Amino acid sequence: MTTRVFSGVQPTGNLHLGNYLGAIVNFVKLQATHECIYCVVDLHAITVPMSVWGGPDELRRNTREVTAAFIAAGIDPKKQIIFNQSQVAGHAELTWVFNCVARLGWLNRMTQFKEKAGKDRENASIGLYDYPVLMASDILLYRATHVPVGEDQKQHLELARDIAQKFNNDFSESIASTGQNEKYFPLPEPVITGPATRVMSLRDGTKKMSKSDPSDYSRINLTDDADAIAQKIRKAKTDPEPLPSEEKGLEARPEADNLVGIYAALSGKPKADVLGEFGGAQFSGFKSNLVDLAVNKLSPIAAEMKRLTQDQAYVDQVLIDGAERANVIATETINAVKDIVGFIRKR
Ligand code: TYM
């Protein structure tokens, strides 16, 4: 079977180094070997309260910003597909069918819902609860086989596999009678690779770097300029010991582990090599090197993002063009699913 890559990023503002190193760097790499579809998941963005996603103007701004980040990071929108989710109706349509395949018990186990809903669960949106089913639809609408994501999305990928498998089993006879392969939906594989699959907060090495942390010093935003990057790295929390020479010396030193992981990911070297170079050094010296590396790697992306976001017509056209191409694949799946489930349609 042919392989296809799909992944998504939410347009909820504050794209940060975790999104970049955990996901977007791998998006860029995979385009050398795979057909790739990258989606700005605006339907997912509105699952949190409007005060959090920011309202219509903010959503438009953030959708264009994520699109600009994809392109600035090196994804070629002509060769690959870049689009925003709401422009392809199939995402919502397939979600309904999958809502009837997925089980309440499966969704009740999702840790991201528990974290995001917090204590006031009664007041969470139904969309937030259904978030993982929509995510499964995103992937399976294109029958994607590989999904590059950060570590935090592993559980959602497992749910997508469970939904694919249950659909294939529940409808096995119908799948066969419509002439489809018995494994109509592939079981998508998570691609969680590199030294920075879980980038931590610069203020607390036990907390994930996140868009929603109230302290801007906890994260490096992709739009930060050189001064901001330097300041945040210099202020990043560390411990009093020099850097170890071997990886096992990073155990129980979450801040050191995080900074070494960031250096490794930005330089494209394994952590062991970074420790070979900096083992025994004090943090002050290591941080100066990390500032230079981060500014070198991230400043051109920030500059290109800025240029692209000023060219709104171009960015919107990329999304429209991407959505048209995505829709061709999506329609094929939706039609097959309608036939498999037994929905009558115009031919
Ligand atoms: P989002 O926008 O929250 O995150 C986008 C990507 O960034 C990764 N990520 C991190 N990686 C490493 N360290 C971190 N601190 C960090 N924070 C975020 C996330 O794992 C993600 O890969 N649910 C998805 C969006 C989505 C999706 C999909 C992904 C919707 N549909 C279908 C794949 C396939 C999410 O977390 O977005």
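Given the structure is predicted, the values throughout are model-derived calculations rather than measurements. Start at 1 and go down the list; that is how both ligands and their atoms are numbered. Heavy-atom basis, side chains included; hydrogens, waters and symmetry copies ignored.
- A heavy-atom distance below 4.5 Å is found between the side chains of Phe70 and Val9.
- Counting only N and O atoms by type, the side chains of Tyr131 and Gln10 include a donor and acceptor under 3.5 Å apart.
- Remark: Lys306 does not engage Asp311 in a salt bridge, criterion side-chain N to carboxylate O under 4.0 Å.
- Contact check on Glu93 versus Lys338 returns a salt bridge, with a Lys/Arg side-chain nitrogen under 4.0 Å from an Asp/Glu carboxylate oxygen.
- Within the 4.5 Å cutoff, the side chain of Glu65 has heavy atoms near those of the Met305 side chain.
- Salt-bridge annotation for Arg61 and Glu58: present, with a side-chain N of the basic residue lying under 4.0 Å from a carboxylate O of the acidic one.
- Within 4.0 Å of ligand 1, heavy atoms belong to protein residues Phe6, Ser7, Gly8, Val9, Gln10, His16, Gly18, Asn19, Gly22, Ala23, Val41, His44, Tyr131, Met135, Asp138, Ile139, Val147, Val149, Gly150, Asp152, Gln153, Ala196, Thr197, Arg198, Val199, Lys208, Met209, Lys211.
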